[in-house]
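Throughout, a chain's letter reflects where its sequence line sits, starting with A, and its residues are numbered from 1.
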Amino acid sequence: MRLVILDDYDLASEWAAKYICNRIIQFKPGQDRYFTLGLPTGSTPLGCYKKLIEYHKNGHLSFKYVKTFNMDEYVGLPRNHPESYHSYMWNNFFKHIDIDPNNAHILDGNAANLQAECDAFEKKIKEAGGIDLFVGGIGPDGHIAFNEPGSSLVSRTRLKTLAMDTILANAKYFDGDLSKVPTMALTVGVGTVMDAREVMILITGAHKAFALYKAIEEGVNHMWTVSAFQQHPRTIFVCDEDATLELRVKTVKYFKGLMHVHNKLVDPLFSMKDGN
Amino acid sequence: MRSVLVPIVCFPGLAPARPVPWTSGPTHRPSRPPAPHPLECSVEDLWVRGGRILDPEKLFFEERRVADERQDCGGRILAPGFIDVQINGGFGVDFSQATEDVGSGVALVARRILSHGVTSFCPTLVTSPPEVYHKVVPQIPVKSGGPHGAGVLGLHLEGPFISREKRGAHPEAHLRSFEANAFQDLLATYGPLDNVRIVTLAPELGRSHEVIRELTARGICVSLGHSVADLRAAEDAVWSGATFITHLFNAMLPFHHRDPGIVGLLTSDRLPAGRCIFYGMIADGTHTNPAALRIAHRAHPQGLVLVTDAIPALGLGNGRHTLGQQEVEVDGLTAYVAGTKTLSGSIAPMDVCVRHFLQATGCSVESALEAASLHPAQLLGLEKSKGTLDFGADADFVVLDDSLHVQATYISGELVWQAEAARQ
């Protein structure tokens with residue numbers, strides 16, 4: 001496991017974006033060789049998306065040969081509802097880049113048969129050759145995607161009922177009206193993410209500090225589903241200083257001491273203009 | 001058939017995200033009464049297909065399609081095309097002249113006002129004898145806009161059922177009142193009303209309420225103007241169906257604090273619930289004092305409709321011109337009766353009015369643009385298709401630089417006019 005600690009949210013976002021950019025370019029994607037990227041929603045990855053858009057607008061990065069798979073979507077929320085993850089992805093990422101709409105996959109929370117939708121999603125991932133890099137964020141309770149505390153650590157894409165904490169936290173996006181907040185979601189499983197060749201988890205802010213502690217300093221535990229990635233051969237946690245507040249000094253110092261090594265992953269930043 | 005999508009960069013970061021539709025989608029969904037939500041500008045692409053504004057998110061997720069074509073607007077402002085609901089002529093053409101070929105005159109004006117950002121208009125006839133109406137009205141049908149010119153939304157008939165005292169430049173000899181068969185008399189005067197969209201009348205005339213009800217029942221907008229009505233009479237006219245005030249302050253009783261007259265409609269609390277009264281404003285810097293403009297705007301910003309009320313001298317350039325029986329001297333944006341300092345009518349193009357309005361009132365750019373687009377569309381009940389960049393609306397829009405000078409005009413997604421500089 002790698003833990004990359006940056007001073008603040010902006011630097012953490014930029015580091016993550018650079019990493020994704022370099023991974024895509026190093027992969028040398030092409031017509032017969034698509035890079036597959038797993039993507040999160042929520043407030044944490046916004047800064048990272050902004051930087052990726054910037055690289056694209058400046059001509060350094062193209063998503064023409066990238067396939068994306070989103071982690072989750074609410075059930076029963078209209079696709080064009082401002083809080084749907086379709087709207088999120090469109091407004092914060094897809095409309096700004098050159099991805100082919102046929103390559104942008106998001107679970108359909110309004111499908112007639114929800115389990116069939118989930119199974120089809122797993123199948124599409126498999127057909128795309130698996131996920132090269134799954135980017136995720138976590139909740140304060142350590143959930144990854146909508147794998148709330150107690151989720152099986154080998155779970156696959158499925159229908160989940162949301163934890164009351166999540167529903168309450170979401171109420172602010174639905175006029176504070178609990179009855180309007182979706183109570184179910186489709187989500188990739190912990191096992192689905194574990195299958196990715198590489199996983200990058202973004203964790204920023206003091207309110208996520210305890211979750212980061214549970215994720216990396218204690219044992220694998222289904223009550224903190226993100227801790228499962230201790231078992232993944234290539235996981236990279238990208239966080240800011242605030243998120244390290246609950247970690248041991250020793251842990252922080254150790255990983256900070258490795259920053260000069262980790263920074264080589266993003267420096268230099270590659271560009272498609274250079275013919276890479 | 002291959003559909004063409006033209007995404008265009010719009011609104012260079014003037015404000016944070018638009019409400020869900022002028023995005024948002026253009027998230028701007030005016031309703032009646034218009035909610036006090038001025039549209040906001042944001043950096044956004046405008047997508048067009050088949051002459052209408054398209055929801056690109058729907059296209060992405062449902063049709064899985066991308067744009068076939070992209071046009072770089074260079075970060076300029078995109079706004080709904082302007083709508084002029086009161087224009088008497090221009091470029092030497094007088095809509096009220098009963099010639100054999102009225103159509104070509106209207107076509108000329110329609111084409112030339114594209115450069116002012118006007119994408120649709122209501123050709124306006126001033127008080128005329130019945131034979132003129134009978135000859136002219138059938139010759140100006142409602143017509144879609146295009147490369148040939150701005151669309152004709154229907155005629156605005158200003159008079160002859162107006163006040164003798166407040167007739168202004170309207171010929172006294174042709175003024176009329178409503179006789180025993182009020183509406184039949186109006187029909188006899190105008191002839192068939194198929195091409196008519198707005199009628200300006202004075203509500204204090206006897207039997208006017210009957211006429212207002214008949215007109216509004218036919219979907220014709222009734223405007224109050226050239227009138228000595230007091231506030232009570234004006235309010236009663238609104239209850240009968242009137243929704244518009246013709247060139248506020250001009251040709252009506254001046255504001256008086258014990259009887260504010262028609263002007264008082266702007267803040268009246270005796271109007272039908274939820275009704276928005278619209279009022280025309282000539283913001284050319286001459287016909288309405290900027291202070292008066294500000295008073296009206298601050299009292300009732302949602303109802304303000306910019307009109308040019310332009311006379312045939314519009315667009316003729318400086319110097320002396322013969323228009324009908326009148327000699328007119330044009331000096332910049334002012335037209336005088338030749339040899340005098342008497343104003344002969346307004347000649348400021350719509351884009352000039354928008355800029356003047358913005359500067360005089362200090363309102364937001366969005367508000368200034370809405371006064372020339374959304375508000376007239378709402379007045380005519382066309383706000384779903386015109387005066388907005390909402391998804392599904394007609395792709396009639398203008399490209400403006402930061403100082404609101406028109407760079408290009410589009411109708412149904414087609415470029416119909418472009419500034420010289422932009423062509424290079």
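The local environment of NZ in A:K123 is sparse, with at most 12 non-hydrogen atoms from other residues, nucleotides or ligands closer than 6.0 Å. Heavy atoms of other residues, nucleotides or ligands lying less than 6.0 angstrom from CD of A:E127 number more than 12. Heavy atoms of other residues, nucleotides or ligands lying less than 6.0 angstrom from CZ of B:R298 number 12 at most.
The two residues B:E57 and A:R79 come nearest to each other via the heavy atoms OE2-O, 4.1 Å.
In terms of modelled atom types and a separation under 3.5 Å, the side chain of B:R64 and the main chain of A:A104 share a donor-acceptor contact.
Distance CD/B:E44 to CG/A:N91: 7.5 Å, rounded to 0.5 Å. A distance of 8.5 Å separates NE2 of A:H96 from CG of B:D45, quoted to the nearest 0.5 Å. For the atom pair B:F61 CZ and A:N80 CG, the distance stands at 11.0 Å (nearest 0.5 Å).
For A:I99, the parts lying under 4.5 angstrom from a heavy atom of chain B are both the backbone and the side chain.
In this structure, B:F60 and A:W90 have tilted ring planes: the angle between them lies in the 30° to 60° band.
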